[in-house]
Novice: 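Got a structure here, written out as structure tokens. Questions coming.
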Amino acid sequence: MKRRILLVDDDVTVLLTLKAVLELNQFEVQTAGSASEAVQKLGSGVYEMVITDSRMETDDAGFHVIRAARQQAYSPATALLTAYPPRNMDWKHDGVQSLLVKPIGTQDLLRQIEALLVQHQDAKHSRERAQDLAGETIRPTQPDTLIEQKEQKAS
């Protein structure tokens with residue numbers, strides 16, 4: 001099964017170029033051209049990763065997308081795509097796991113995405129093991145299961 005990414009950017013050229021690159025490398029990509037559209041898609045779909053531009057409708061619109069992604073039960077990995085990286089490390093406090101600086105080469109982009117997805121899955125498994133050791137047997141629903149459940153409801 002292809003890994004699902006929600007890609008958010010108000011620049012159509014960037015959006016379509018990155019979508020094509022990711023799809024050629026075995027990702028399923030949904031796109032959103034604004035923070036509000038992204039928040040809506042986060043609530044109606046399940047994604048392994050969210051990559052969002054930082055500046056869209058407002059200078060901090062990307063952070064609104066990141067916060068909405070962090071609130072999802074399926075807990076996607078999050079990356080902020082920007083041509084204007086913050087000089088301080090505040091972006092990490094806002095739930096951003098990775099910073100992708102434009103312009104970014106294709107191989108570098110793919111390497112960073114793969115590394116983030118592996119790191120994110122490892123962290124999820126570590127949290128699950130810690131819960132098991134603490135005697136909690138309730139596990140969060142995995143993304144594949146949530147996708148299947150949503151598809152069954154839609155049928």
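These numbers come from a predicted model, not from an experiment.
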Novice: Inspect the contact between E114 and R3 and indicate whether a charged nitrogen and a carboxylate oxygen are less than 4.0 angstrom apart.
Specialist: yes
Novice: Looking at R4 and V46, would you say the former's side chain and the latter's main chain have a donor-acceptor pair under 3.5 Å?
Specialist: yes
Novice: Might you point out which heavy atoms bring I5 and Y47 nearest each other, and give the distance in Å?
Specialist: C-CD2, 3.8 Å
Novice: So, R70 side chain and P76 main chain: donor-acceptor pair closer than 3.5 Å or not?
Specialist: yes
Novice: Taking all non-hydrogen atoms of both residues into account, name the closest pair between L116 and A79 and its distance.
Specialist: CD2-CB, 4.1 Å
Novice: Rounded to the nearest 0.5 Å, what's the gap from CG on L80 to CZ on R55? Could you check?
Specialist: 10.5 Å
Novice: Please report the shortest heavy-atom distance between D108 and I104, naming the atom on each side.
Specialist: OD2-CG1, 3.9 Å
Novice: Is a donor on one side and an acceptor on the other found under 3.5 Å between the side chain of Q72 and the backbone of A68?
Specialist: yes
Novice: Heavy atoms only: give me the nearest L42-Y74 pair and the separation to one decimal.
Specialist: O-OH, 2.9 Å
Novice: Is any side-chain heavy atom of F63 closer than 4.5 Å to a side-chain heavy atom of T52?
Specialist: no
Novice: Just wondering, are more than 12 heavy atoms of other shown residues or ligands nearer than 6.0 Å to CD in E28?
Specialist: yes
Novice: Group every Ile, Leu, Val, Met, Phe, Trp and Tyr by side-chain heavy-atom contacts under 4.5 Å, then state whether I66 and V101 land in the same group.
Specialist: yes
Novice: Among the clusters formed by ILVMFWY side chains lying less than 4.5 Å apart, do V14 and L109 turn up in the same one?
Specialist: yes
Novice: Out of curiosity, does L100 fall in the hydrophobic cluster containing L22 (side-chain heavy atoms, cut-off under 4.5 Å, transitive links)?
Specialist: yes
Novice: Any carboxylate oxygen within less than 4.0 angstrom of a Lys/Arg side-chain nitrogen, looking at K102 and D53?
Specialist: yes
Novice: What pair of heavy atoms forms the shortest contact from A35 to E57, and how long is it?
Specialist: N-OE2, 3.0 Å
Novice: Not counting sequence neighbours, which residues clear side-chain contact (heavy atoms from CB on, under 4.5 Å) with E37? List them please.
Specialist: A32, S34, K41
Novice: Between L15 and F27, is there a shared hydrophobic cluster once you connect ILVMFWY residues whose side-chain heavy atoms come closer than 4.5 Å?
Specialist: yes
Novice: Quick one: are I113 and M49 in side-chain contact, heavy atoms under 4.5 Å?
Specialist: yes
Novice: Using modelled atom types only, decide if a donor and an acceptor are shared between the side chain of H120 and the backbone of E48 within a distance under 3.5 Å.
Specialist: no
Novice: Looking at CG of L81 and CG of L7, how far apart are the two atoms once the value is rounded to the nearest 0.5 Å?
Specialist: 7.5 Å
Novice: If you round to the nearest 0.5 Å, how far is CG of L110 from CD of Q26?
Specialist: 11.0 Å
Novice: Measuring from M56:CE to S36:OG, what's the distance to the nearest 0.5 Å?
Specialist: 9.0 Å
Novice: Does L16 sit in a hydrophobic cluster with other residues, and if so which ones, taking ILVMFWY side chains as linked at heavy-atom separations under 4.5 Å, directly or through other members?
Specialist: V12
Novice: Over all heavy atoms of both residues, which pair between A69 and T78 is shortest? Give the atoms and the distance, please.
Specialist: CB-CG2, 3.9 Å
Novice: When rounded to the nearest 0.5 angstrom, what distance separates CG in L6 from OG1 in T31?
Specialist: 8.0 Å
